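Source: prediction; values computed, not measured. Proteins get letters first, then strands, A, B, ... in listed order; numbering begins at 1 in each.
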Protein chains: 4
Amino acid sequence: MVTKIERNKKEKENSLYTAAYDLFTTKGINETAISDIVKKAGVAKGTFYLYFKDKYDILDKIILNKSSHVLSEAIKETNEKSFEVFEDKLTYFIDYIIEYLKSDRLLLKLIYKNLSWGVFRRAYKDYKEIQEIYTMFEKGYEGSDVTREHMEKILFMVLELTGSVCYSSIIYNEPESIDEMKPILFETILKII
Amino acid sequence: MVTKIERNKKEKENSLYTAAYDLFTTKGINETAISDIVKKAGVAKGTFYLYFKDKYDILDKIILNKSSHVLSEAIKETNEKSFEVFEDKLTYFIDYIIEYLKSDRLLLKLIYKNLSWGVFRRAYKDYKEIQEIYTMFEKGYEGSDVTREHMEKILFMVLELTGSVCYSSIIYNEPESIDEMKPILFETILKII
Amino acid sequence: MVTKIERNKKEKENSLYTAAYDLFTTKGINETAISDIVKKAGVAKGTFYLYFKDKYDILDKIILNKSSHVLSEAIKETNEKSFEVFEDKLTYFIDYIIEYLKSDRLLLKLIYKNLSWGVFRRAYKDYKEIQEIYTMFEKGYEGSDVTREHMEKILFMVLELTGSVCYSSIIYNEPESIDEMKPILFETILKII
Amino acid sequence: MVTKIERNKKEKENSLYTAAYDLFTTKGINETAISDIVKKAGVAKGTFYLYFKDKYDILDKIILNKSSHVLSEAIKETNEKSFEVFEDKLTYFIDYIIEYLKSDRLLLKLIYKNLSWGVFRRAYKDYKEIQEIYTMFEKGYEGSDVTREHMEKILFMVLELTGSVCYSSIIYNEPESIDEMKPILFETILKII
DNA sequence: GATGAATGAGGCTTCATTCAT
DNA sequence: AATGAATGAAGCCTCATTCAT
């Protein structure tokens with residue numbers, strides 16, 4: 001049974017998460033003070049320390065949450081469609097991520113290259129959907145003589161490249177806008193796999 | 001003629017650069033205060049403000065310097081050798097960068113995602129050698145029907161991928177050590193170009 | 001009859017005493033927070049305030065307890081032996097205190113300047129054994145023309161001197177170790193009485 | 001040459017000492033915040049940290065200063081008089097200390113049993129007058145077969161006893177007022193030496 | 001009686017920046 | 001040009017105490 005107190009606690013924690021996320025993305029991490037977060041969340045300063053060790057504790061947790069969420073959504077959406085070939089499926093998956101990040105530049109700026117292997121690995125155990133990214137890849141290489149280790153490295157490079165390109169093109173339009181980069185990115189990814 | 005005073009000024013500026021670089025790489029950027037920098041540089045606090053606007057001013061300049069230096073060294077070394085095919089030349093160039101960063105993890109950590117197109121572009125005008133990276137690529141694509149714009153994007157992706165893989169594998173050994181990642185990275189790059 | 005509830009209460013109070021004592025002696029008084037005490041005692045924060053007003057309330061009670069205990073043990077042990085002359089008896093009594101404090105430096109540090117007349121007086125009514133210290137002295141001066149007031153002052157000085165010497169020599173080895181100070185301390189006390 | 005800046009610095013440091021001393025003696029150490037000290041001293045908060053590490057740094061320095069000052073004054077005054085016998089000289093010396101502490105109960109409370117061997121030793125090298133306390137004692141024992149070590153322990157006990165009695169009787173009137181304790185204290189000291 | 005989440009005042013300390021010398 | 005003492009805003013974090021459950 002979830003008591004009133006427990007519900008209340010969860011609410012406080014969530015309001016801290018939301019407030020911190022908003023401030024981190026709009027003002028920046030260095031420019032956000034804990035006093036800003038608690039003011040926005042509508043709780044007392046001490047309350048922050050009941051739930052988080054310090055600013056970087058809540059930041060890490062937010063990044064893990066958000067990053068996993070993106071990937072998790074992407075694979076869920078992908079699995080709901082049906083594709084004839086692996087290449088199409090992967091393209092759809094990557095495209096979903098790109099569009100997600102395109103629509104939320106602040107999120108992209110925050111999680112930046114944290115959409116990386118580290119997060120990926122850490123999220124693996126907690127998010128069933130993340131495991132399905134592996135499964136998707138495995139199925140794609142079924143029948144070939146590519147080892148699992150090799151496959152994992154390819155997946156790693158695909159995600160790293162995607163992250164890098166997104167960051168540079170979405171945030172800075174460098175070397176071009178993401179829409180202009182997309183075709184060549186997909187082309188490249190298909191060459192890689 | 002360079003007067004004694006001018007030499008003195010340059011010396012002070014350089015000692016500030018050196019001190020800041022050492023502290024940024026060993027203690028971290030956030031953890032380095034201007035008072036730390038001036039103490040290490042052996043100059044007065046006020047002197048710092050004669051040369052730099054604030055901590056991020058000196059940081060930006062350091063990153064630009066160091067990043068350009070890496071690329072500049074890499075292309076210089078590459079041009080001193082002679083290669084039969086473009087693929088070998090590019091591999092040598094990338095390998096030089098990797099080895100450089102491998103031998104200086106602190107530098108890698110600092111310039112990290114800054115070894116990017118932004119820096120690359122900014123450094124273009126000031127460093128003759130950087131322009132030669134373009135030249136190398138142009139020669140590589142001579143005769144093909146690849147446009148300059150397309151070529152530039154490929155170069156961009158090659159460098160982004162290299163940077164990402166270096167960071168993850170050198171700093172965190174994720175997904176594997178850089179030496180184990182190298183073969184597949186080269187293989188991938190050759191697929192891309 | 002002692003009900004289960006009453007036993008439970010006493011247990012809680014005792015665990016608070018024990019926890020507080022451990023923390024005061026190991027971490028220091030200023031460095032010990034009430035939250036530390038309750039955590040160690042395994043009770044809730046609010047519970048502390050059911051038994052004690054604040055940190056200094058429990059501290060005072062601990063000091064009174066522990067100090068009285070030392071004196072009480074000392075006189076009990078002394079009375080169990082038989083001595084021909086008062087001087088031997090007093091020496092044994094003082095020596096017992098010294099050895100006790102020697103074996104528990106943390107206790108000494110805590111009660112230090114509190115092993116004083118104030119505590120002594122306050123403990124008088126509650127501890128039958130403390131009254132026996134007086135009795136011992138009274139018997140020692142039986143037959144002489146020393147007034148009770150005078151005798152009390154001498155006892156006071158003997159205990160103050162003992163406390164001071166113990167603190168300085170046991171904690172800091174100043175001016176010498178307690179074992180090297182003992183002969184001269186006894187010699188001095190015998191001169192005083 | 002003492003520049004204006006140096007004079008200014010010394011003034012600031014002194015005003016911090018004075019303010020801290022006043023607050024420590026009137027409000028108590030635990031109840032005095034650094035913000036109180038700087039407010040009273042009329043300097044900025046940061047200035048405090050230019051001169052002292054923290055509250056306990058300035059406290060230690062104050063205690064050493066004040067304690068040494070008491071002893072130093074006492075021996076100076078004593079040496080200005082002429083006494084026929086050592087006993088009279090020592091009595092005068094101790095009496096001076098007592099009267100000093102009697103007239104400044106707040107100081108006594110602060111330096112408390114810090115008027116002890118530790119401080120005494122530390123002050124030895126810096127205060128010429130402190131060395132003269134030794135000299136006074138040495139002259140007193142001239143001709144006897146008491147070793148220097150033995151003599152030092154006696155001096156130690158005399159000072160410890162004096163300090164303890166002063167504290168208890170001046171601050172708490174326990175077991176009697178200092179004026180009523182004085183005769184028996186002197187009597188006791190003369191027995192000890 | 002017991003709990004422990006929540007509070008928010010208040011302490012400590014750092015540090016970018018200024019400015020008289 | 002160079003200095004470094006002084007500033008005080010601003011951040012971090014602790015902790016005694018309360019009170020609804």
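Residue-to-nucleotide proximity on DNA chain F shows that, of A:Lys53 and D:Lys12, the 5′-proximal contact is made by D:Lys12. In this structure, D:Lys55 and A:Val43 both approach DNA chain E, and ranking their closest nucleotides by distance from the 5' end singles out A:Val43. Residues C:Thr32 and B:Gly46 both approach DNA chain F. Their nearest nucleotides, taken by heavy-atom distance, put B:Gly46 toward the 5′ side. Nearest-nucleotide positions on DNA chain E place C:Gly42 closer to the 5' end than the other of C:Gly42 and A:Gly42.
For an aromatic pair to be called close, the ring centres must be under 6.0 Å apart, and A:Phe48 with A:Phe52 satisfies this.
As a whole-Å value, the separation of B:Ile37 CD1 from E:dA16 P is 8 Å. Between the OH atom of A:Tyr56 and the P atom of F:dC13 there is a distance of 10 Å, given to the nearest Å. Atom CG of D:Asp57 and atom P of E:dC12 are 14 Å apart (whole Å). Rounded to a whole Å, the CD1 atom of D:Ile29 is 16 Å from the P atom of E:dG11. Distance A:Arg7 CZ to F:dA20 P: 18 Å, rounded to the nearest Å. Look at NZ on D:Lys45: it is 19 Å from C1' on F:dA5, rounded to the nearest Å. Between the CD atom of A:Glu31 and the C1' atom of E:dA16 there is a distance of 14 Å, rounded to whole Å. What separates CG of C:Asn30 from P of F:dC15 is a distance of 11 Å, to the nearest Å.
In this structure, of E:dA6, F:dA5, F:dC15, it is E:dA6 that holds the atom nearest to the side chain of A:Lys9. Closest to the side chain of C:Ala44, from the set E:dG11, E:dG4, E:dA16, is E:dG4. For B:Leu50, the listed nucleotide lying nearest its side chain is F:dT3; candidates were F:dT3, F:dA10, F:dA6.
Within the 4.0 angstrom heavy-atom criterion, no nucleotide atom of any strand lies near C:Val38. Across all strands, B:Ile34 comes closer than 4.0 Å only to sugar-phosphate atoms, never to a base (heavy-atom distances). At the heavy-atom level, B:Tyr49 lies under 4.0 Å from base atoms of the strands shown. Among the protein residues, D:Tyr51 comes within range of the sugar-phosphate backbone only, with heavy atoms under 4.0 Å from sugar or phosphate atoms but none that close to a base.
Note that OG1 of A:Thr18 is 6.0 Å distant from CG of A:Asn14, once rounded to the nearest 0.5 Å.
A salt bridge does not link A:Glu6 with A:Lys9: none of the charged nitrogens is closer than 4.0 Å to a carboxylate oxygen. Note on C:Asp36 versus C:Lys40: no salt bridge recorded, every NZ/NE/NH1/NH2 to OD/OE distance being 4.0 Å or above.
Within the structure, a side-chain polar atom (N or O) of C:Thr47 is placed less than 4.0 Å from OP1 or OP2 of E:dT3. Side-chain N/O atoms of A:Lys4 include one lying less than 4.0 angstrom from OP1 or OP2 on F:dT21. Close to F:dC15, at under 4.0 Å from its OP1 or OP2, lies no side-chain N or O of C:Ser35.
Applying the Watson-Crick and G-U wobble criteria (two distances, each under 3.5 Å), F:dC12 pairs with E:dG11. Of all nucleotides present, only E:dT3 satisfies the Watson-Crick or G-U wobble test against F:dA20, with each distance under 3.5 Å.
A cation-pi contact, defined as under 6.0 Å to the ring centre and within 45° of the axis, links C:Lys66 to C:Tyr21.
Residues A:Val43 and A:Ile37 fail the side-chain proximity criterion, which asks for heavy atoms closer than 4.5 Å.
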